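Below, chain A is the first sequence line, B the second, and so on; all start at residue 1. Only a predicted model underlies this, so the values are computations on that prediction, with no experimental measurement involved.
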Amino acid sequence: MADDISKSSNQRSPLTTNYLRSEKINVNDNNEEPFYNASNRFTNQSYFNKNLDIVYENPNLNIQNGTEKKDYSSRRTYFEDKAAKQALSDSVRREAYGKDKPQIFNNLIIYVNGYTNPDRSTLHDMVVLHGGHFSHYLTAKSKVTHIVAENLSLKKRIEFASYKVVLPKWLVSSVQAGKLLPWQEFSLLRTNTIGQTTLDINRLKKQPQITNCNDPDFIQNFFANSRLHHLSTWKMELRQQFLDSFNPVMIPKTGEQLTIFHVDFDCFFATVAALSSTTIKCDLNKEPIVVCHGSKSSDIASCNYIARQYGIKNGMWVSQAQKLCPKGVKLVCLPYEFDKIKEKSSIFYKTLQNLNMFNMILPISIDEAVCILIRTSLNNHNDELICERIREAVFRDTEGCTVSVGCADTLILARLSLKLAKPNGYFTCMKYMKDSPLFWENFKNDDLPGIGRQLVSKLNTYYPRCNNLWQLRNDASIESLKALLGNKLGSKVYNQLRGKDDDEAAKLIHDPISTFERKSLSIDINWGIRFSKIEQVDTYLERCVEYLIAKLKEMKKNTSQVTLKVMKRAKDAPIEPAKYLGMGQCDSFSRTNRLGIPSSLQGLITTELRNMFRSLSCPPAEVRGIAVHFTKLVDVAKYRQKRLPFQKNIILNINETNKINSPVTPFKDVVPDINVTTPNRDNGGNLQTGIPKRPVKRVLFREEHNNISHKSSPDEYHSDLESPRKKMQKMLDRTESSVSKRPSIVNSPLREIDTRYSPSKEESSFLSDFPTRTAKEDIAYDTTQNSGEEYGNGGSFNNNVANVNIEKNIYEHNNKRLLGLSNGDSIRDKIESDELSSQDTGGLTENDPKIFTYGGLVNHDDESNFKIMFQGISGTEEIMDSYENWIYSTLHDIPPSDRDLIILEDFIWSLLRTGSIHTVIRMTQRLSSILRNFSLINKKNYNGNQKWEVVLIRKLIHILNMHSNWDDEKLPTDFPIKY
DNA sequence: TACGTGTGGTAG
DNA sequence: ATCGCTACCACACGTA
């Protein structure tokens, strides 16, 4: 498999690789990078290391994970380290709180799987305080003795077959009894006899999915199968992992030159599903493959690129996708492989880490990372080489998952480049593209990050003439964008269109700590929610709170503000929507309440939420979704410190069920009056008594406020209380277009319509006009071959003698030339007069800057320290810039003039003669990269790029090969040049 | 002006 | 059957 891909990637390989390989630069053919080999074979090894190879070996980059230079190159180190930290804090806690407790769990290592009752953190405490170890990870090395679980999926049952799997009750009862009870009595698998176990598994084979939201296990079961839940939690886990392990020293400072590699798996879910599918045989490259749960209204989580050719997109329903397939083509539906995905992803991140190339690796999601390299004068690396390194390494380590890489010096350009790179490729956004239609014309309005479905349609309405980002860039003024999209987003888009990251995006790079710090916590379920009685809602709310509080405790935080959001069936929506157990068209209503004190008390928060639900007055039968948000999280430790000065002023008088163990801070700066209860305004509904509440004044205000702003209330019978303004607004909402006014996913009727993802006219034509990557690159490859034959002087590339002879001639020729050129002024005069005297200056026009009109070698008086000048510049970077600009300006209809090319050749030779072969290699590589890129975004061949291809093969590579052949002939690699 | 609440929108 | 999550930003509008 690996061979297959590398072969195919060779075939559609960039000009760089092909030209060089075909030209035998990479003689050793031992899978090392061609330029690396070249460096070894040429002079100036040490200098070369400084310039090119440093990327891979830079010792400064090895300290990514800690100032103490931890070596994280080993795969397991990260987890071992984290486990060590965990163990330490556990033992500290045991020391502090567990001294008087019987150490009944000595020598046990407990792992808790899934949601349990009591919850995970309670069990954690129980285990730790009674002498046991709590393992957060189930790895081969963690030597877990027991797994605690409430119930297990069949898959897990098989996976855990060799472990002792027990119910949480084992721990609880053991603690109660004060001694370790035999685990067998609490075994989940009930493996008293082999027969029973088998029976159990068989029975569970058709383990029915829990679709009733009133089932105690509904939430767990739903989450276990929800892709979106997984995406969200994985993302937060990765962020936390980043915060736990990164080295702040490596954060780029503003103003530093960066190179950004945006790395992303190609159709990750589908690839993983196909690779790990044992039951269904399928070929990722031949059949349309999708990942989904069901058959009709099931969402497609991911589809491979064959499926995408038919117009299938992620998020589409299976029924619709099937229709898009040509006759006779069967859509292959594969199940989710969440465990495998997680596994591949952590390999992915470790691989990136182990490459030791980047200053910082920012997790974007389970399958996507942004790798950042700080450019310094020392690491003069090759971006394309790095892209390929990443791709090869990930492909190898994940055993068959391909990533694409977009590379640029801003986030936005890297992201757009990634789009061009997909699938299974890379794209580097070069300087000349940043402001060129060549680049921007490849993108549609919806390619801009931050512009989703709603805003794209806004853009399309306001700028109907703009079919691509280049047109949008030219048509959309910053004022109009701001007016259309709002101040922030408007200027963001304006900047993005110019390849610049706005402050918000840059914050990710320059302040990842605060970007990744969690500020809120929530649970949000809008599938399978069906109630008939208010008690069911109450119970459900309690389970939500239970779930959230478990997490809250893990984070050692309290919440001081709670939001409840309810999805209510829209008025004219059918009771049961098209999607099985879906939410259908809904209106959303929310209510936020501040808790008197930051808290993680289940009773208190649940009660609060129940009140809030009542205040929304939504009939339970109409509820289609419920979300609970904890906002304004407060660090438990900090909170304890903070409240100390207030302590003496607090009067505690709280009823039994909501006993608060820690002292209370007053609500804001108002005098606390904890005995006052909230008068409930839910139409005479039951008042909750005894709950500490906010001060009277505030409550009254809120009552009033709630009545006035009850636009957000699902009920209609308070209409007469509305302010005229609200009424007007409401009327506008109704009459104008409720869809565009409230176009959220939730409210949008599109949610229910099967055609919501059918490509628009523009989209389909765009897709069909745009050749696939493979096709395009095959063309590039062919061109290479053809030009090679056409211009290749037959077998002369392989003919050492011929080459040496030619080289010698050229060498002498150039020596003469160089001698002639040592008089810089005369040459300049000559060239300039040539340009003037001839109307045909190789096609140069006014618009085409005469970038390369003179050049040459300046021989300083000091023989040991002369400088090579190009364009009158001597710094390598500046020379490269000027060289690049020249290429960019002559890539199209107007090719570089022959005269200029001769001067280039002179320049190359003088570089070689002075041992600056690394610069020649860079120049060769640069040209090759530019041509590759050009061919990726241009279908057409221009005079300019064709000519440059000839230059690349006939001049640059040819010259390098001659050096290579010298080496073969055991000629000296140092040329003592006498001036 | 500064802040609070409710809502819309987006990304993976 | 089917698993339509969730963190976070920005804005409009209201209040102190």
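Contact between the side-chain N/O atoms of A/R591 and the OP1/OP2 oxygens of B/dT5 is not found at any separation under 4.0 Å. Phosphate contact (OP1/OP2 of C/dG4, side-chain N/O of A/K579, threshold under 4.0 Å): absent. Between A/T211 and C/dT2, a side-chain N or O to OP1/OP2 separation shorter than 4.0 Å is absent. Between A/Q220 and C/dC3 there is no side-chain polar atom (N or O) within less than 4.0 angstrom of OP1 or OP2.
Closest to the side chain of A/S588, out of C/dA7, C/dC3, B/dG8, is B/dG8. For A/S522, taking side-chain heavy atoms from C-beta onward, the closest of the listed nucleotides C/dA7, C/dA10, C/dC3 is C/dA7. Closest to the side chain of A/L455, from the set C/dG4, B/dG9, B/dG6, is B/dG9.
Listed by chain and residue number, nothing satisfies the ring pair (Phe, Tyr, Trp, His ring centres under 6.0 Å) test with A/F630 (two or more places apart in sequence, or in another chain). With sequence neighbours left out, the ring pair (Phe, Tyr, Trp, His ring centres under 6.0 Å) criterion links A/H293 to A/Y336. Not counting sequence neighbours, the partners of A/F265 by the ring pair (Phe, Tyr, Trp, His ring centres under 6.0 Å) test are A/F268, A/F348. With sequence neighbours excluded, no residue satisfies side-chain hydrogen bond (donor to acceptor under 3.5 Å, both in side chains) with A/Y580.
Across residues 223-230 of chain A, A/F223, A/N225, A/S226, A/R227, A/L228, A/H229 each have a non-hydrogen atom less than 4.0 Å from an atom of DNA chain C (numbered order). Near DNA chain C, defined here as any heavy-atom distance below 4.0 Å, the residues from residues 506-517 of chain A are A/E517, listed numerically.
For the ring-ring contact (aromatic ring centres under 6.0 Å, His included) condition, the pairs that include at least one residue of residues 546-565 of chain A, sequence neighbours left out, are A/Y115-A/Y547, A/F223-A/Y547. A salt bridge (Lys or Arg N to Asp or Glu O under 4.0 Å) check over residues 545-555 of chain A, counting only residues at least two apart or in different chains, returns the pairs A/R120-A/E554. Applying the salt bridge (Lys or Arg N to Asp or Glu O under 4.0 Å) definition to pairs two or more places apart or across chains, those involving residues 213-242 of chain A are A/R227-A/D299, A/E237-A/K342.
Between the side chain of A/S232 and the base of B/dG12, a donor-acceptor pair under 3.5 Å is found.
Between A/R569 and A/E622 there is a salt bridge, since at least one side-chain N of the basic residue sits less than 4.0 Å from a carboxylate O of the acidic one.
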